[in-house]
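These numbers come from a predicted model, not from an experiment. Start at 1 with the first residue, then count along the sequence.
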Amino acid sequence: MKTLAILLFPFLLFAQQNYTDNLVLVNGKSFPCMVTSISDEKVEIIYMNYVPEKTILKAVSLITVDKLGEIYSAEKGFSYKTDYLNDFFEKRIDEFNKQKEIAAELERISTENKVVNDKSEIGNVVYRGVQGTEYIVKGDESKNRWSFGVLYVPYFTDRLYNVVISSSNPPSFSTYYITENEINLEGQLAYNFQPDFSVSLDFSYSDTQSEIRSEDHSRGMYNNFDEGEITKSGLSVFDFSIGLKYYLHNRIPGKVSAYVLAGFGKQFAFAEETSEVLFSTYPNTLVFENNVEEYLEDLNSPWHFNLGFGAEYFFNQSLSLVSNIRFLYSATTAKYDSRSTYIGQETTYSSSREYKTSYVNTRFGLGLNFYF
């Protein structure tokens with residue numbers, strides 16, 4: 001029986017110290033506690049290791065109580081009558097004191113058994129034996145520091161660059177871009193290294209591929225020919241960024257927390273631009289070479305920096321709804337080189353062009369975050 005009491009003792013003490021009430025001051029600071037009394041002027045609590053404390057009600061923004069929920073807010077006032085609340089607190093503190101007496105008796109029994117230097121961790125409490133018994137309550141800050149989110153981006157403005165190479169002799173070249181308003185999905189892995197700060201890794205992927213086959217055939221008395229070409233064009237884009245997020249208010253279930261964010265990253269593009277001639281019956285007197293794929297990859301692989309703000313609504317400690325708007329500054333440089341060689345004429349024509357660009361785009365997102 002004594003052994004059973006010794007094993008149950010850490011559980012009982014944890015149940016006392018893991019306060020389920022919460023008091024939030026007007027400066028946003030949050031305190032787990034047990035409310036013992038309340039009036040129109042002040043509120044009294046038990047805080048930390050059974051330390052009694054009180055504060056004026058004007059300094060309080062929100063009070064939530066286990067089994068009752070929100071009992072007071074600076075905006076709405078009291079959710080219950082103060083007489084009803086104080087009756088509830090009085091009955092609860094009586095039960096609380098009984099549990100303290102039981103815990104004290106269990107500690108005395110465990111001391112008599114001389115259980116020394118026994119170390120075990122149960123839940124959020126580290127129990128370190130009887131001689132100089134020590135209990136460490138880790139608190140909620142050790143929970144749910146990681147999160148994974150999926151952001152739906154219904155409004156997404158960005159540039160995708162492409163080129164046009166003519167069939168002239170030698171071929172001419174021009175660069176153009178498309179400003180797209182499209183739907184996109186982004187993933188985010190984040191770690192809260194401080195209550196108000198988190199660092200995140202954002203990533204997204206898109207891919208566009210096309211293939212065109214063209215054929216021309218002619219049959220006649222004086223003109224017979226077959227011509228054709230297969231052209232393939234594709235652009236795959238992978239984007240990532242590392243960011244820092246700062247919450248302006250404590251993250252409390254059932255409340256909205258605003259935040260600001262900043263980050264930097266890079267977009268990586270992989271291009272395909274190939275052409276295959278069909279039905280070749282005449283020798284080719286022109287050899288045309290270029291670095292168009294490398295050029296497109298450089299153009300569509302900018303470095304970028306972003307600033308933004310947003311809000312996050314916490315359903316509970318494990319799930320939240322998040323929305324934000326970000327402004328991205330992007331910049332890149334690319335160089336296009338080409339060379340045309342005329343076989344049998346010992347003539348070579350080469351050209352080189354450098355393209356530099358910078359721009360700002362906007363992204364608005366809405367999604368879910370899962371904390372673990």
### Message
Determine whether Asp337 and Ser350 satisfy the following criterion, side chain to side chain contact (heavy atoms under 4.5 Å, CB included), listing intermediate values before the conclusion.
### Response
CA-CA 8 Å; Asp337 295 313; Ser350 62; over 6 Å; no
### Query
Could you go step by step and tell me if Tyr355 and Thr332 meet the side chain to side chain contact (heavy atoms under 4.5 Å, CB included) rule?
CA-CA 8 Å; Tyr355 195 105; Thr332 186; over 6 Å; no
### Query
Under 4.5 Å between any side-chain heavy atoms of Leu57 and Tyr72, yes or no?
yes
### Query
Which atoms form the tightest heavy-atom contact between Thr64 and Glu70, and what is the distance?
CG2-CA, 4.0 Å
### Query
Can you find a pair of side-chain heavy atoms, one from Glu272 and one from Ser236, that are under 4.5 Å apart?
no
### Query
So which heavy atom on Leu321 is nearest to which on Gly367, and how close?
CD1-O, 3.3 Å
### Query
Do the rings of Tyr80 and Tyr84 sit parallel, tilted or perpendicular, given the 30° and 60° boundaries?
parallel
### Task
Please examine the side chains of Ile45 and Tyr19, heavy atoms only from C-beta on, and report whether any two atoms are closer than 4.5 Å.
no
### Query
Side chains of Phe78 and Ile63: closer than 4.5 Å at any heavy-atom pair?
no
### Task
Quick one: closest heavy-atom pair of Asp239 and Gln267, and the distance?
OD2-CB, 3.3 Å
### Query
Does the pair Arg92/Asp21 count as a salt bridge with the N-to-O cut at 4.0 Å?
yes
### Task
Mind running side chain to side chain contact (heavy atoms under 4.5 Å, CB included) on Leu235 and Phe270 for me, showing each step along the way?
CA-CA 6 Å; Leu235 186 66; Phe270 305 92; over 6 Å; no
## Note on the structure
side chain to side chain contact (heavy atoms under 4.5 Å, CB included) with Ile71: of Leu62, Val65, Thr82, only one passes, and it is Val65
### Task
For the pair Asn192 (side chain) and Pro195 (backbone), establish whether a donor and an acceptor sit closer than 3.5 Å, ignoring hydrogens and angles.
no
### Message
Side chains of Thr55 and Glu53, heavy atoms from C-beta outward: is any pair under 4.5 Å?
### Response
no
### Query
Is a side-chain N or O of Ser200 found less than 3.5 angstrom from the main chain of Gln188, in a donor-acceptor match?
no
### Query
Which residues pass the side-chain contact (heavy atoms from CB on, under 4.5 Å) test with Asn27, sequence neighbours left out?
Leu25, Lys29
### Message
Run the side chain to side chain contact (heavy atoms under 4.5 Å, CB included) test on Leu151 and Val322 for me, step by step, so that the C-alpha distance in whole Å, both residues' side-chain angles and the decisive distance to 0.1 Å come before the verdict.
### Response
CA-CA 8 Å; Leu151 198 67; Val322 61; 4.3 Å; yes
### Close side-chain approach of Tyr329 and Asn306, heavy atoms under 4.5 Å
no
### Message
Quick one, Tyr247 with Tyr259, criterion ring pair (Phe, Tyr, Trp, His ring centres under 6.0 Å). Give me CA distance, side-chain angles, the key distance, then yes/no.
### Response
CA-CA 4 Å; Tyr247 288 90; Tyr259 61 84; 5.7 Å; yes
### Query
Are Ser323 and Tyr313 side-chain neighbours, meaning at least one heavy-atom pair lies under 4.5 Å?
no
### Query
In terms of side-chain heavy atoms, does Ser30 have a donor or acceptor partner in Asn22 at a distance below 3.5 Å?
yes
### Query
Looking just at side-chain N and O atoms, do Ser233 and Glu273 make a donor-acceptor pair shorter than 3.5 Å?
yes
### Query
For Asn361 and His304, does a side-chain donor sit closer than 3.5 Å to a side-chain acceptor?
no
### Task
Write out all pairs satisfying side-chain hydrogen bond (donor to acceptor under 3.5 Å, both in side chains) with one or both partners inside residues 291-301, taking only residues at least two apart or from two chains.
Thr175-Tyr295
#### Entry: Identified side chain to side chain contact (heavy atoms under 4.5 Å, CB included) counterpart of Thr36 within the set Asn86, Val43, Ile93
Ile93
### Heavy-atom side-chain contact between Gln99 and Glu95 under 4.5 Å
yes
### Query
By side chain to side chain donor-acceptor pair (under 3.5 Å), which residues pair with Glu289, not counting sequence neighbours?
Arg339
### Query
Has Glu90 got more than 12 heavy atoms of other residues, nucleotides or ligands less than 6.0 Å from its CD?
no
